[in-house]
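Read the structure below first, then the notes.
The figures here come from the full heavy-atom set of this structure, side chains too, leaving out hydrogens, waters and symmetry mates.
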Amino acid sequence: MENRGDYGLKSGILPIRRALISVSEKNNLKDLANFLTGLGVDIVSTGGTASYLKKEGLKVKEVSDLTGFPEILNGRVKTLHPKVHAPILFDRDDAASAKELKKLGSKAIDLVVVNLYPFETILRSKAPRKDIIENIDIGGVALMRAAAKNFEHVMVVSDPGDYMELKKELTSFQGCTRRVTRKFFAGKVFSQTSYYDYLISGWFLSKKQRGSIKNRFFGGTSRQALKYGENPHQHALYLNDPVQEEKTKRLVNILRGTLSYNNLTDATAAYKILCELEEYNKASCVIIKHGNPCGVTIDHNALAAYKKALETDPVSAFGGIVGINQHVDEKLAKKISSIFTEVIIAKSFSPKAIKILSLKKNVKIIDIKSFDGALLNKEEIRSVIGGYLIQETSISKANDEELEVVTKRKPSKGELNNLVFLWKIVKHVKSNAIVVGSNSCVTGIGAGQTNRVGSVKIAVRNSKRVEKTFKKSRKVVSSGLASDAFFPFPDSIKMASRNGISSIIQPGGSINDSDVISAADKLNIAMIFTKRRLFSH
């Protein structure tokens, strides 16, 4: 290594002569320390790390020898000292700074290897409050940020998974590091410390308190790089929510296949609707296509629920996602396999059901143990011009206190129950949204139209098709209609009446509410206002 350092300062390729190592995670540390020693690098280390390296036979100088000051407060203060941070932070290109460092009797530190106290692990273990607080790292974060700030002259490695990259760099450049590499690892440091602080902030603050704070941050670790996003030309990544990760592992099991971007968004849409329907304590089924439901029902068993959901729109169900809140047996698996289905999520699957479903080449099978909403992040985040939008999820219960009958005719008990069911579904349909159905079974959906009349036309047209198709096998009369927002004019009410609709649920709030109510009265339609809009864009 005679040529070590010959590149010079101006090239941005600088030698590593002295390293500070202070880590919680000791994996592969001995190998790295031996490698650095072989390059002639002097190693300075903190108490626990120094003891570990000495036991492994390495020559190490302790930080306390560097500072002339012992660790205090049970290790809470050990590296927060000028003789530690000055050798890292000083500007090598500034003669006055170099002179000041020399006056301190200190030598430059060119490499900092640090990883933080395992706050995330301790937090997930539901450790006592005292242990959680003790694992909030202070000195480690300061070291990482100091080295990263001075990346022009200092290399920082904060992830044990990067030790191999460090070794490759030093081997390729004769004990030196390049500016481009130092800058990359510096950026990684700030990403890690931001995530670390996000976790800590989340522990300190309640959901309500976080909502009142001006600055908001979002954190996660990469669960997997997806093949692509919504379309093949779009790069996509699936990040886990650290708060939800253990819950997800406990409640979700991917039995077959790898989920794509679109699979994940559609599976989430199915999950949300199934959560809405749990309070019925019946078998429920939803079929999702491109984020919208194309069939939803509850029934006495899972097979019956699936059949009715499929009957709503079998054309759209092709290539869709099926969600069922109960067990999938061999008989149901055969029925589902009769049409191409990309993803099936259910509470459980029999071995024979898995075997039958797996005969389809690209099918994905997922069991979800609970549909109580536990897997939801409770907040929805969307990128927009210049930033992000954040809102809480829309899952909620429509109870009697929220409902107001505004027409002369009151809905019957059966009509009311059906309207509440449809109201739960319409909030998950893209606006403008209209859902038609009866007896807790959706028969027609109008989604994503630029005017409400258009959505009504689509919903009632599909509903009439279902009625006609199954007129002989079972009685299908679509008596109820739900709208995600108010009707601005009576035209939709008249169209609904011509197609057999006898009850409607909608938010109300239009300046023409009186005209809409008057039209409903003339047509003997029972109408309920919820005073709650359910746009979904």
Any side-chain heavy atom of Ile336 sitting closer than 4.5 Å to one from Leu332? yes
Which of Asn34, Asn28, Leu36 passes side-chain contact (heavy atoms from CB on, under 4.5 Å) with Leu32? Answer is Leu36
For Lys149, which residues count as a side chain to side chain donor-acceptor pair (under 3.5 Å) partner, sequence neighbours excluded? none
For Asp329, all residues meeting salt bridge (charged side-chain N to carboxylate O under 4.0 Å, His left out), sequence neighbours excluded: none
Any side-chain heavy-atom pair of Arg256 and Ile354 under 4.5 Å: no
Set of residues satisfying side chain to side chain donor-acceptor pair (under 3.5 Å) with respect to Glu230, sequence neighbours excluded: none
Pairwise ring-ring contact (aromatic ring centres under 6.0 Å, His included) hits with a residue in residues 336-375, at least two apart: Tyr271-Phe371, Phe318-Phe340
Apply salt bridge (charged side-chain N to carboxylate O under 4.0 Å, His left out) to Asp31 and list each qualifying residue two or more places apart in sequence or on a separate chain. Lys167
Within-4.5 Å side-chain heavy-atom neighbours: Val41 and Phe35: no
By side chain to side chain donor-acceptor pair (under 3.5 Å), which residues pair with Asn281, not counting sequence neighbours? none
Applying salt bridge (charged side-chain N to carboxylate O under 4.0 Å, His left out) as the test, list every pair that has at least one member in residues 101-117; sequence neighbours left out. Arg92-Asp110
Do Val44 and Ile109 make a side-chain contact, defined as non-hydrogen atoms from C-beta onward lying under 4.5 Å apart? no
Quick test of your reading: applying salt bridge (charged side-chain N to carboxylate O under 4.0 Å, His left out), list the pairs with at least one residue in residues 36-55, sequence neighbours left out, ordered by first then second residue. Lys54-Glu62
List for me each residue that meets salt bridge (charged side-chain N to carboxylate O under 4.0 Å, His left out) alongside Lys61, sequence neighbours excluded, and say none if there are none. none
Using side-chain heavy atoms (C-beta onward) and a distance below 4.5 Å, is Leu111 in contact with Thr177? no
Given Glu165, Glu152, Glu169, the one that forms salt bridge (Lys or Arg N to Asp or Glu O under 4.0 Å) with Arg178: Glu169
Salt bridge (charged side-chain N to carboxylate O under 4.0 Å, His left out) involving Lys272 - partner list, sequence neighbours excluded: Glu380
Who are the side chain to side chain donor-acceptor pair (under 3.5 Å) partners of Ser284, not counting sequence neighbours? Asn325
Tyr280 versus Lys424: any side-chain heavy-atom pair under 4.5 Å? yes
Do any side-chain atoms of residues 360-367 form donor-acceptor pairs under 3.5 angstrom with protein atoms, and if so which ones, sequence neighbours left out?
| unit_1 | atom_1 | unit_2 | atom_2 | d |
| --- | --- | --- | --- | --- |
| Lys360 | NZ | Ser337 | O | 3.3 |
| Lys364 | NZ | Asn263 | OD1 | 3.1 |
| Asp367 | OD1 | Asn253 | N | 3.4 |

Sub-4.5 Å side-chain heavy-atom contact between Asp137 and Phe119: no
